[in-house]
2 protein chains.
Amino acid sequence: MGCKIAEFQQEQKKRIRSVQDSMDVLNGKWKIAIISSICCFGTRRFSDILNDVEGISNRMLSKELKELEVNQLITRTVLATQPITVQYELTEHGDTLQTIISNLTDWGQVHRQKITGK
Amino acid sequence: MGCKIAEFQQEQKKRIRSVQDSMDVLNGKWKIAIISSICCFGTRRFSDILNDVEGISNRMLSKELKELEVNQLITRTVLATQPITVQYELTEHGDTLQTIISNLTDWGQVHRQKITGK
DNA sequence: CTGAATCCAGATGGATACTG
DNA sequence: CAGTATCCATCTGGATTCAG
């Protein structure tokens, strides 16, 4: 007790673990892009996202969506249209990612210029 | 021209690409944790980070640090101590990730409670 | 101490074809 | 349309050993 430095380091380790927790959820080549797509349109269908996120395959989209659903970031709703369509939506919890997404968008733009644009 | 919907969708695709750009840089199991470690201490040595980021191997740390350096997020300084030590520091550009790191830390904490804590 | 080198299992992800 | 199934190459990352 009283060892401020050790305390600080413990605090820091906790923080790092928290960041890791976030990244575990948002990991995978496409997850953030998918959330970003759904987020901006409010509600989005499978084929729409497939089109929004350039380069993703339906196999990957399906897999990533499932993981996001398990982590309670999005909800899946089957619509009784012909043929069937499926809607994805952010949960309240998923919605809390908005700030991060927005920041990442801005940062990505600046970074691209920094690296390539010179 | 005048097709507002198509315009909006193009804008959206750009945004998604920007998020992808960010994630490309921050990808890898440990990158954010490493940045987080350096960020909080201002300057950090190899062995310190190795200790901060639980579970990482020196092989991975070395690799991820190199990538971060290439992307100009950190700088590497060799100190002429005996034995040699190496210091890592955020660049000005890397520093701009602070907000994102901070948000991810907070979000990760909330998320963990949401999922496990229940 | 700070890596680089090697070995290797398992995860990731693309292409393609198929189903309800 | 919204997936699932299969095949397969590549990537990831851990363990361990070695080097300056």
Revision key, fill the gap. Between B:Pro83 and A:Met60, the residue closer to the 5' end of DNA chain C by nearest nucleotide is B:Pro83

Point to revise | B:Glu89: partners by salt bridge (charged side-chain N to carboxylate O under 4.0 Å, His left out), with sequence neighbours left out | key: none

Review point. Hey, can you pull the residues of residues 62-80 of chain A with a non-hydrogen atom under 4.0 angstrom from DNA chain D?
Key: A:Ser62, A:Lys66, A:Arg76

Revision key, fill the gap. The bend of the helix from C:dC1-D:dG20 to C:dG20-D:dC1, taken between the axes of its five terminal pairs at each end and rounded to 10°, is 50°

Practice item. Kindly work out whether a path of hydrophobic side-chain contacts (I/L/V/M/F/W/Y, heavy atoms less than 4.5 Å apart) joins B:Tyr88 to B:Ile84. Key: yes

Check your understanding: B:Asn58 has a side chain; which of D:dA2, D:dT16, D:dG14 sits nearest to it?
Key -> D:dT16

Review point. Atom CZ of B:Arg59 to atom C1' of C:dA4: distance rounded to whole Å?
Key: 10 Å

Check your understanding: Can any side-chain N or O of B:Glu64 pair as donor or acceptor with the backbone N or O of B:Trp30 at less than 3.5 Å?
Key -> yes

Practice item. Check whether any side-chain N or O of A:Tyr88 sits under 4.0 Å from OP1 or OP2 of D:dC1, and answer yes or no. Key: no

Review point. Of all residues at least two apart in sequence or in a different chain, which pass the side chain to side chain contact (heavy atoms under 4.5 Å, CB included) check with B:Arg45?
Key: B:Ser47, B:Asp48, B:Thr85, B:Gln87

Point to revise | side chain to side chain contact (heavy atoms under 4.5 Å, CB included) partners of A:Thr96, counting only residues at least two apart | key: A:His93, B:Trp107

Point to revise | Within residues 15-53 of chain A: residues closer than 4.0 Å to DNA chain D (heavy atoms) | key: A:Arg45, A:Phe46, A:Ser47

